[in-house]
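Beneath this line is the structure, given in structure tokens, with notes to follow.
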Number of protein chains: 2
Amino acid sequence: MGDLELRDDLLPEDEGEASLHETLVSRMRQLMIEGTLENGQRIPEAELCRMFGVSRTPLREALKVLAVQGFVQLRPNRGAIVAPIDPEQIRPIFELKGALERLIGLTAAERVTQEDLDAIDALHHELGATLEQGQMDDYTRLNYAFHKGLAQISGNALLCETYEGLQQRIWRYRFVVNEDFTRVADSFAEHEQIMIALRARTPLDLAARLEAHNMRTCEAMLRAIAQIS
Amino acid sequence: MGDLELRDDLLPEDEGEASLHETLVSRMRQLMIEGTLENGQRIPEAELCRMFGVSRTPLREALKVLAVQGFVQLRPNRGAIVAPIDPEQIRPIFELKGALERLIGLTAAERVTQEDLDAIDALHHELGATLEQGQMDDYTRLNYAFHKGLAQISGNALLCETYEGLQQRIWRYRFVVNEDFTRVADSFAEHEQIMIALRARTPLDLAARLEAHNMRTCEAMLRAIAQIS
DNA sequence: GGCGGATGAATTGCATTCATTTTTTGCAGC
DNA sequence: GCTGCAAAAAATGAATGCAATTCATCCGCC
């Protein structure tokens, strides 16, 4: 007992300390967002247990959570399947997201600070760079970050959370729209207008542009899906 | 094997067949909505297990789900507490709900059918009756049903789901506002205007009235809470 | 008397086990 | 060869058990 041990856990760090539950939820969600697990595909618990090296108890808890978030569908006594989003469900999602985009626009325009502007502007320029270089995967990722950043400027955590949930549901279809290069160019042009409205801090204008951007993305996605099938 | 047995499970009924998981989730949520479990109160798993007569496994799954829905707060290794909604969190909820109210108004006005109108009108008149008789608990319940019904007219299931989630979070504070009888009268008057806009099928008008109604309810709730504390 | 640290009790996190339901496999009958 | 039932195998739902963490109590010390 002679040695005093310096404890460095005084600062809990709060990050990097993701619990197993949270890890499982986000990793499984990632599998579905990335498309590793296909829509409608059955998810045998045992296989996922081997995959993640955990027992069924925490895995099932994660499945229950993902069911609430709409990523998986639980069928009593018959296991879970990756929630099959059919095209008919895409429009309602975008419709709801449109309402949130509008609120984001209204509030972000009023609450945006100079630091916010600088940060989102940096993202915007990164987006432009990836577009010029044709790095579509990077573009898609940055696009996600751009809209998430806008949501955060709203200052409403619940709004952010809800918004990101919708984004993630839609995210599973992004590859479909990415193929549509003309849409990407149009999309970036719309971002340009969004940035202008944000810098000008004009709530109604920003809201309208975000809503329009959302609607156009929705239509492009529906067109792309229609082409495939 | 001589007797042919008529099987009546051809129609799965789909209702009344709530799984244990769903039952636990809704019953525990009810406890918190009703206020049986107070805000910030610790929830020992063992006690809830006794209460519901189940083991910890399904109960913990339910807790995880309720955490996602924002009703409980899970602290790693330290158990769950009833999510303490402080007044600062009320405004963001109403702000988000306002965006949904607007969407509900826009879409409901366009998609409402005559049957919808009849049903919601019946609710509306019931509301008026309970108001006259001063049955505030019934009024509150019917008020919830009224707004839920409006959301359903929108025809967007995801919107309904999200909307009801917000309503339930707020629901825990309804008793505070119910005390404010003048607000109830005002609220009903606003419902009258909402019904007029719905019958007239004027999207922008209905949306504006729902948004205003939402905002006034928010202010009334904040005032009531401020008075208490 | 108040405070800090140690020990035991209680609680949580996860793994394992048991019971029930579903799915698959096998076989008799047509 | 195909259909239909029956038993086996597999998967799910829930309970129990065990390790680890947290909480409560107690004791020594200032």
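These numbers come from the heavy atoms of this one structure, side chains and all, not from hydrogens, waters or symmetry mates. Reminder, nothing fancy here: chain letters follow the sequence lines and each chain counts from 1.
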Hey, does B/R42 have a side-chain heavy atom less than 4.5 Å from the side chain of B/R75?
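Yes, side chains in contact.
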Testing A/E101, A/M215, A/E219, A/M221 one by one against A/F94 for a side-chain contact (heavy atoms from CB on, under 4.5 Å), which residue passes?
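Between A/F94 and the candidates, side-chain contact (heavy atoms from CB on, under 4.5 Å) is satisfied uniquely by A/M221.
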Residues [X] and [Y]: side-chain donor-acceptor under 3.5 angstrom:
X      : Y      : answer
A/Y163 : A/Q168 : no
A/Y139 : A/E126 : no
B/T113 : B/D116 : yes

Starting at atom [atom1] of [X], determine the distance to atom [atom2] of [N], rounded to an integer number of angstrom.
X     : N      : atom1 : atom2 : answer
B/I81 : C/dT12 : CD1   : P     : 13 Å
A/E45 : D/dA10 : CD    : P     : 16 Å
B/E22 : D/dG13 : CD    : C1'   : 13 Å
A/K64 : D/dT12 : NZ    : P     : 11 Å
A/L48 : C/dC14 : CG    : P     : 16 Å
A/E61 : C/dG13 : CD    : P     : 8 Å
B/L24 : D/dA14 : CG    : P     : 8 Å
B/L74 : C/dT12 : CG    : P     : 11 Å

Relative to each other, are the rings of B/H191 and B/H213 parallel, tilted or perpendicular (30° and 60° limits)?
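B/H191 vs B/H213 ring planes: perpendicular.
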Just by protein heavy atoms under 4.0 Å, how would nucleotides 15-24 of chain D read 5' to 3' in B, S and -?
BBB---SSS-
